[in-house]
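Inspection log for the structure reproduced underneath, given as structure tokens.
What you see below is based on every heavy atom in this structure, not just the backbone, and it leaves out hydrogens, waters and symmetry mates.
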Amino acid sequence: MIVTVTYNPAVDQTIQFDEQMAPDRVMRADEAQFDAGGKGINAAQLLTAMDRPCVATGLLGGFTGSFIRETLQDDGVETAFVDVDGTTRLNTTAIAAAEEYKLNQAGPAVGESVVDSLLEQVRAQSPDRVLVGGSLPPGLTPDAIDRIATGGDWETIVDTGGDVLRELDAQYGLCKPNRAELGDATGADVSTVEGCADAADAFRDRGFDRVLASLGADGAVLAGDAGQLYAEALDIDVVDTVGAGDALLSGVLSAWEAGADDETALRTGVTVSAQVVQRAGTAVPDLDDIDSLRDGVTVRRL
Ligand SMILES: Nc1ncnc2c1ncn2[C@@H]1O[C@H](COP(=O)(O)OP(=O)(O)O)[C@@H](O)[C@H]1O
Ligand SMILES: O=P(O)(O)OC[C@H]1O[C@](O)(COP(=O)(O)O)[C@@H](O)[C@@H]1O
């Protein structure tokens with residue numbers, strides 16, 4: 001069973017314009033959408049949609065927090081959140097002509113005592129795996145993630161930015177940097193797939209059993225004890241890429257929970273992410289055919 005921890009959830013607002021962004025004028029969006037977001041929350045929604053037992057925990061506050069709580073309830077996602085005084089952030093993805101702008105807020109400041117409250121919620125679920133996903137709100141340091149990783153007898157997966165990744169001290173089952181985060185965390189040349197795979201592999205020494213590096217339209221690399229696996233991305237029409245990394249990771253975790261090997265897990269992740277990027281925002285797509293669609297993903301050993 002998986003518990004997801006989102007220290008800094010967000011309502012994801014996706015707005016679409018049929019013209020390019022321009023300063024000093026009113027831009028009017030043709031379409032607007034609101035989704036419950038934040039890395040662990042997206043993962044919990046996707047894992048639930050794939051019938052994997054999962055509980056979403058994290059910090060919620062204010063009207064945006066209530067929206068996330070209600071959305072997850074409607075989606076049948078089990079939750080165990082901790083209430084905070086501030087207002088959960090609203091992150092915006094603006095799609096203008098063919099360009100994508102991601103505008104993320106810092107989130108409400110919290111005190112360190114929230115880590116104890118969250119740990120209590122996590123322990124109460126007795127999970128096998130815990131996914132800690134997303135940025136940290138003001139008031140918390142990477143120690144908040146290490147404390148979850150060392151707080152019980154579970155494998156911890158982490159999906160967070162390069163700066164925080166570099167500062168983690170505990171032992172983790174997996175981290176999932178995207179290309180920029182991998183570059184930030186390692187300082188390596190990540191301009192080629194091979195460079196990314198080598199950087200991911202080397203980064204394992206910093207306390208990660210496996211590193212799953214997502215490379216956008218170039219696909220993904222999974223580096224572990226058994227070597228480096230590379231999966232090409234599927235050739236699809238992308239609406240926006242928000243939630244793509246969460247989808248990749250959710251597919252991998254879902255397959256592992258079902259007992260699959262790394263190659264099958266990587267195929268599953270790439271397939272789930274392809275479904276997500278073909279839809280606006282972080283809404284949960286139809287995932288019924290994932291097991292058959294994943295056969296279309298090309299994986300090779302590097
Ligand atoms: N343009 C694209 N075409 C096809 N698949 C994509 C595209 N962008 C992202 N993906 C899929 O989503 C996964 C995660 O994307 P990425 O942008 O690297 O993650 P993040 O959202 O964390 O930045 C990729 O590994 C790939 O499978
Ligand atoms: O916590 P961060 O790094 O600010 O990211 C939060 C944002 O990332 C998302 O989880 C999407 O993440 P990915 O695009 O990396 O999958 C959004 O739902 C959320 O608004």
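Using a 4.5 Å heavy-atom cutoff, the side chains of F81 and L59 are not in contact. Contact check for F63 versus T87: side-chain heavy atoms found under the 4.5 Å cut-off. Inter-residue side-chain proximity for V276 and P285 is flagged as met; some heavy-atom pair is nearer than 4.5 Å. You'll find the side chain of D262 stays beyond 4.5 Å of the side chain of L266, heavy atoms only. Within the 4.5 Å cutoff, side-chain heavy atoms of M1 are placed close to those of V55.
The pair K176-D246 does not count as a salt bridge, with every side-chain nitrogen at least 4.0 angstrom from each carboxylate oxygen.
Between the R89 side chain and the P9 main chain, a donor and an acceptor come within less than 3.5 Å of each other. Listed for the R301 side chain is no donor-acceptor partner under 3.5 Å among the backbone atoms of Y230. Side-chain N or O atoms of R267 include one that pairs as donor or acceptor with a backbone N or O of V297 at under 3.5 Å. In this structure, the side chain of R206 does not engage the main chain of E167 through any donor-acceptor pair within 3.5 Å. In this structure a side-chain-to-backbone donor-acceptor pair under 3.5 Å is present from D240 to G281. Distance alone, capped at 3.5 Å, places no donor-acceptor pair between the T271 side chain and the I290 backbone.
L168 and L119 fall within the same hydrophobic cluster, where Ile, Leu, Val, Met, Phe, Trp and Tyr residues are linked whenever their side-chain heavy atoms come under 4.5 Å apart, directly or through other members. Linking ILVMFWY side-chain heavy atoms closer than 4.5 Å, directly or via other members, places L212 and I157 in a single hydrophobic cluster.
Taking the six-membered ring where tryptophan is involved, the planes of F34 and F67 are perpendicular, since the angle between them exceeds 60° and thus also 30°.
In the displayed structure, D74 atom CG is contacted under 6.0 Å by more than 12 heavy atoms of other residues, nucleotides or ligands. In E78, the CD atom is not crowded: 12 or fewer heavy atoms of neighbouring residues, nucleotides or ligands sit closer than 6.0 Å.
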| side-chain contact (heavy atoms from CB on, under 4.5 Å) between N91 and Q105, intermediate numbers included | CA-CA 6 Å; N91 287 346; Q105 296 180 8; 4.0 Å; yes
| query | Step by step, would you call K39 with T6 a side-chain hydrogen bond (donor to acceptor under 3.5 Å, both in side chains)? | reply | CA-CA 7 Å; K39 301 199 191 304; T6 314; over 6 Å; no
| request: Go through E100 and T241 one step at a time and tell me if the side-chain hydrogen bond (donor to acceptor under 3.5 Å, both in side chains) criterion holds. | output: CA-CA 8 Å; E100 194 175 300; T241 64; 2.7 Å; yes
| said: Under the criterion side-chain hydrogen bond (donor to acceptor under 3.5 Å, both in side chains), I'd like the reasoning laid out for D116 against S113: C-alpha separation, chi angles, the key distance, then a yes or no. | reply: CA-CA 5 Å; D116 299 304; S113 63; 5.9 Å; no
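Side chains of D35 and Q33: a donor on one and an acceptor on the other come within 3.5 Å. Under 3.5 Å, the side chains of Q13 and T92 contain a donor-acceptor pair of N or O atoms.
Closest of all the heavy-atom pairs between Q45 and A36 is OE1-O, 3.4 Å.
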